[in-house]
Amino acid sequence: MKKENETSFQALAIIAEMVTKFGQLYVLNISSEDWEQLQYVRDRLEKVIHDNGYRMNYDKNIKQNIIKR
């Protein structure tokens with residue numbers, strides 16, 4: 001049975017997509033101050049994924065962005 005405060009897998013998958021999009025930013029002109037803030041946001045998004053029992057998947061051979069820890 002799902003807990004009331006448990007984040008759905010679909011929401012976590014969307015968050016994981018957002019995290020992977022951050023990887024495209026390094027080639028763009030972003031100030032160091034903005035980069036620090038963006039890195040903080042990325043870290044927080046990954047924490048949400050980890051806190052729900054998943055981890056990011058960066059292996060392009062596996063289709064899902066997150067996998068169970």
Participant: With heavy-atom distances below 4.5 Å as the criterion, would you say the side chains of Leu28 and Leu25 are in contact?
Facilitator: yes
Participant: Given 3.5 Å as the limit, does a donor-acceptor pair link the side chain of Asn57 with the main chain of Ile67, or not?
Facilitator: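 Judged by distance alone, no pair lies under 3.5 Å.
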Participant: Please list, chain by chain and in numerical order, all residues satisfying side-chain contact (heavy atoms from CB on, under 4.5 Å) with Tyr26, sequence neighbours excluded.
Facilitator: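 For Tyr26, the residues satisfying side-chain contact (heavy atoms from CB on, under 4.5 Å) (neighbours in sequence not counted) are Trp35.
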Participant: When rounded to the nearest 0.5 angstrom, what is the spacing between CZ in Arg44 and CD in Gln39?
Facilitator: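 One finds 10.0 Å between CZ of Arg44 and CD of Gln39.
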Participant: Cluster question for you: counting only ILVMFWY and a side-chain heavy-atom cut-off of under 4.5 Å, with indirect links fine, are Met56 and Ile62 together?
Facilitator: no
Participant: Can you name the residues that form a side-chain contact (heavy atoms from CB on, under 4.5 Å) with Ser31, not counting sequence neighbours?
Facilitator: Glu33, Asp34
Participant: Working to the nearest 0.5 angstrom, can you tell me the gap between Thr20 OG1 and Ile15 CD1?
Facilitator: 12.0 Å
Participant: So, do Tyr58 and Val19 sit near enough that their side-chain heavy atoms are less than 4.5 Å apart?
Facilitator: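 Result yes, sub-4.5 Å side-chain heavy-atom pair found.
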Participant: So how far is it from Ile30 CD1 to Gln37 CD, rounded to the nearest 0.5 Å?
Facilitator: 11.5 Å
Participant: Tell me, do Gln64 and Tyr54 make a side-chain contact under 4.5 Å, heavy atoms counted?
Facilitator: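 No, their side chains stay 4.5 Å or more apart.
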Participant: Rounded at 0.5 Å granularity, tell me how far CD1 in Ile49 sits from CD1 in Ile66.
Facilitator: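 These two atoms lie 6.0 Å from each other.
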Participant: Decide, yes or no, whether a salt bridge links Lys21 with Glu17 under the criterion of side-chain N to carboxylate O below 4.0 Å.
Facilitator: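 Salt bridge: no.
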Participant: Could you state the interatomic distance from CE (Met18) to CG (Asn65), rounded to the nearest 0.5 Å?
Facilitator: 12.5 Å
Participant: Show every salt bridge (Lys or Arg N to Asp or Glu O under 4.0 Å) that has at least one partner inside residues 50-69, sequence neighbours left out.
Facilitator: Lys47-Asp51
